[in-house]
2 protein chains.
Amino acid sequence: MPQKNNNVFSSEIINALSIDCLIIGFQESKLKILLVQHAEGIIKNQWALPGGWVAYNENIDAAAYRLLNDLTGVKEIYLEQLKAFGEVNRYPSKRVITIAYFALTRPENFELHPGFTASDAKWFSILDIPKLPYDHDQILDFARQILKRKVKYEPIGFNLLPEKFTLLQLRDLYEAILEKKLDKPNFRRKITKMNLLIPCNEKQQSVSHRAANLYRFDKLVYDKLKKKGFIFEF
Amino acid sequence: MPQKNNNVFSSEIINALSIDCLIIGFQESKLKILLVQHAEGIIKNQWALPGGWVAYNENIDAAAYRLLNDLTGVKEIYLEQLKAFGEVNRYPSKRVITIAYFALTRPENFELHPGFTASDAKWFSILDIPKLPYDHDQILDFARQILKRKVKYEPIGFNLLPEKFTLLQLRDLYEAILEKKLDKPNFRRKITKMNLLIPCNEKQQSVSHRAANLYRFDKLVYDKLKKKGFIFEF
DNA sequence: TACCTTGTAGTCAAATTGACTATAAGAATT
DNA sequence: AATTCTTATAGTCAATTTGACTACAAGGTA
């Protein structure tokens, strides 16, 4: 095992490790992902996952938050590590290992203001993504797979839906993630039996049909189920 | 985004990234984990997860295989990435990010011969692990959690059990992972209904009670279920 | 007022579950 | 040779859950 070596060319250590963020949103019944155009560098003017370098004295989780905020203006978001991608040639000019982070959020909560390192930031439908640079396509595929699996053993939606939502909105979300249709009454029966939802005693506004009841998550039950896990099969 | 910089102090880049392996086995109805004593370095003579440095021009997956083999003599094993651990101070002398890998295997398949970088390698019961250095305790906890979750949405056992095994051995495995008792007839009913097991039409040998039938996994069904996922709740 | 559209409740047979009991098959003991 | 272990395997049964439906409610809109 190597001994300590003080001849550290620190900036290069920093450069060897990057972060890429998969920021997932849900809007108009569709899954969205946030992409940015970097202002400079090799992939200038190309849409890519938001990301950048980890600083030498920065925890990787902290780096993910910082980069996300710098590039998109998105703050106070829940991030979770997905996986490290470390193929030798995944990045053209040198060896870079990237750690992919994954977040679920509400697009309408954020006014995107690309930071000084990105020239633009935009939500894309997950069904219609431009060709991404490096191995970003592969990272995105992996993230979608994980999301599909996640939905089956943890509650989901707390970060994706508005605070108050209808059962049909929640079903739409599940359908978008699982990529299949779910029976309306059966979904309702199953989800309400979980004790996860609290009725708001309020109705949807300005819809041109019967207004649905609004619900919100019981944060306590939600967190408990998230930790303990459950089984949700359709 | 930084440009290419050729003043790379490569050995230091290498040193900044390490791999740690969690090699899980199942023996005498107990989950085991493989630990090593490093021959040299800061934690000489202390039991720790097998691991080491990733070379500059080496894929991280390849590095995991190489290191595992160098340290323990274990070859041809299925490794899967668990997570990157990147707290700034997780390693004493400098900033090291480690990528944890995770494998399920059969201890009896390997004759451990610690390589030149390890002075010893040994299987420990997962219920009785010595204090591990760095953040290895935390990594191990994380791995146990993941295993517990994994068992619920994927078949497990193919790499942990002998080729031919009894239903009770399989149940013992599930009990060890889930850390709870499972009803014998109900377990049998559930697992056999999955079409995952093929009866060998052979019986257990030299047991001092009624001999049980031996089964093996249907590799095709197993792989399909592993890919597609299922739900296994007790 | 009729007729859309979506929300919500309820039905019912089939399948699954959880908690059991009962019996079978050997080996070991008497 | 009979009895007594121990573990294997089959089966029972009520309660719950599921999947595939039907029916009706509650609005807006034509």
Side-chain angles (χ1 to χ4, degrees), chain A residues 28-30 151-153 155 157 161-162 164-176 178-216 225 228-234, chain B residues 28-30 151-153 155 157 161-162 164-176 178-216 225 228-234:
Chain A
E28 294 147 21
S29 297
K30 286 192 184 75
V151 91
K152 293 183 181 176
Y153 60 72
L161 294 172
K164 298 171 180 183
F165 52 86
T166 69
L167 289 178
L168 270 284
Q169 280 176 289
L170 186 56
R171 186 191 63 153
D172 283 350
L173 173 61
Y174 273 82
E175 289 190 342
L178 293 170
E179 298 177 280
K180 68 171 175 181
K181 289 280 167 202
L182 303 174
D183 179 83
K184 210 169 20 162
N186 289 349
F187 179 85
R188 157 184 302 273
R189 179 177 61 186
K190 190 149 189 175
I191 204 85
T192 51
K193 203 177 290 181
M194 296 182 73
N195 251 3
L196 183 60
L197 302 180
I198 301 176
C200 300
N201 299 317
E202 246 180 279
K203 289 194 184 300
Q204 222 177 1
Q205 297 298 318
S206 31
V207 281
S208 70
H209 54 77
R210 176 174 175 185
N213 272 317
L214 291 171
Y215 292 83
R216 56 191 176 81
L225 285 179
K228 172 172 156 295
F230 61 47
I231 300 292
F232 194 89
E233 187 59 309
F234 278 110
Chain B
E28 293 147 20
S29 297
K30 285 193 187 74
V151 91
K152 293 183 182 177
Y153 61 73
L161 293 173
K164 297 170 180 184
F165 52 86
T166 70
L167 289 178
L168 269 285
Q169 279 176 291
L170 186 57
R171 186 191 63 153
D172 283 350
L173 173 61
Y174 273 82
E175 288 190 344
L178 293 169
E179 298 177 280
K180 67 171 175 182
K181 289 280 168 202
L182 303 174
D183 180 83
K184 210 172 12 162
N186 290 349
F187 179 84
R188 157 184 301 272
R189 178 176 60 185
K190 190 151 189 173
I191 204 85
T192 52
K193 202 176 291 182
M194 297 182 73
N195 251 4
L196 183 62
L197 302 181
I198 300 176
C200 299
N201 299 316
E202 245 181 279
K203 291 196 183 297
Q204 224 176 1
Q205 297 298 319
S206 32
V207 281
S208 70
H209 53 77
R210 176 174 175 183
N213 272 317
L214 291 172
Y215 292 84
R216 55 191 177 82
L225 285 179
K228 170 173 158 294
F230 61 46
I231 299 293
F232 195 88
E233 187 59 310
F234 278 110

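Lettering follows sequence order; numbering is per chain, from 1.
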Exercise for review: Could you list the residues that satisfy side chain to side chain donor-acceptor pair (under 3.5 Å) with A:Asn195, not counting sequence neighbours?
Suggested key: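 None.
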In whole Å, I'd like the distance from the [atom1] atom of [X] to the [atom2] atom of [N].
| X | N | atom1 | atom2 | result |
| --- | --- | --- | --- | --- |
| A:Ile231 | D:dT16 | CD1 | C1' | 17 Å |
| A:Ile191 | C:dT8 | CD1 | C1' | 16 Å |
| B:Leu168 | D:dT9 | CG | C1' | 10 Å |
| B:Leu170 | D:dA8 | CG | C1' | 15 Å |
| A:Tyr215 | C:dG7 | OH | P | 11 Å |
| A:Asp172 | C:dT6 | CG | P | 11 Å |
| A:Glu233 | D:dG19 | CD | C1' | 13 Å |
| A:Gln205 | C:dT6 | CD | P | 18 Å |

Validation row: [X], [Y] side chains within 4.5 angstrom (heavy atoms):
| X | Y | value |
| --- | --- | --- |
| A:Gln204 | A:His209 | yes |
| A:Thr166 | A:Asn213 | no |
| A:Pro185 | A:Asp183 | yes |
| B:Val151 | B:Leu173 | no |
| B:Lys184 | B:Leu167 | no |

Between the protein and nucleotides 25-27 of chain D, which nitrogen or oxygen pairs come in under 3.5 angstrom?
| from | atom 1 | to | atom 2 | distance (Å) |
| --- | --- | --- | --- | --- |
| D:dA25 | N3 | A:Arg210 | NH1 | 2.8 |
| D:dA26 | O4' | A:Arg210 | NE | 3.2 |

Check your understanding: Short question: side chain of B:Lys190, backbone of B:Glu233 - any donor-acceptor pair under 3.5 Å?
Key ->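 Yes, the answer is positive, given that a donor and an acceptor are paired below the 3.5 Å cut-off.
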Point to revise | With sequence neighbours excluded, residues passing side chain to side chain contact (heavy atoms under 4.5 Å, CB included) with A:Glu175 | key: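 If we apply the side chain to side chain contact (heavy atoms under 4.5 Å, CB included) test to A:Glu175, skipping adjacent residues, the hits are A:Arg171, A:Asp172, A:Lys181, A:Leu182.
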Point to revise | Results of side chain to side chain contact (heavy atoms under 4.5 Å, CB included) for B:Tyr153 - residues two or more places apart only | key: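 Counting only residues at least two positions away or on another chain, B:Tyr153 forms a side chain to side chain contact (heavy atoms under 4.5 Å, CB included) with A:Arg149, A:Tyr153, B:Arg149.
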Review point. What are the residues of residues 182-190 of chain A, sorted by number, that bring a heavy atom to within less than 4.0 Å of DNA chain C?
Key: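 Here the set is A:Lys184, A:Pro185, A:Arg188, A:Arg189.
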Review point. Think A:Asn213 has a side-chain N or O under 4.0 angstrom from the OP1 or OP2 of C:dT8?
Key: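 For C:dT8, OP1 or OP2 has a side-chain N or O of A:Asn213 closer than 4.0 Å.
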Review point. Shortest non-hydrogen contact from B:Pro162 to B:Gln169?
Key: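 Of all heavy-atom pairs spanning B:Pro162 and B:Gln169, the closest is CG-NE2, 4.2 Å.
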Check your understanding: So which heavy atom on A:Phe165 is nearest to which on A:Arg216, and how close?
Key ->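 A:Phe165 and A:Arg216 have their closest heavy atoms at CE2-CA, 3.9 Å.
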Check your understanding: For the helix from C:dT1-D:dA30 to C:dT30-D:dA1, how many degrees between its two end axes (five pairs per end), to the nearest 10°?
Key ->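 Between the axes fitted at each end of the helix from C:dT1-D:dA30 to C:dT30-D:dA1 lies an angle of 10°.
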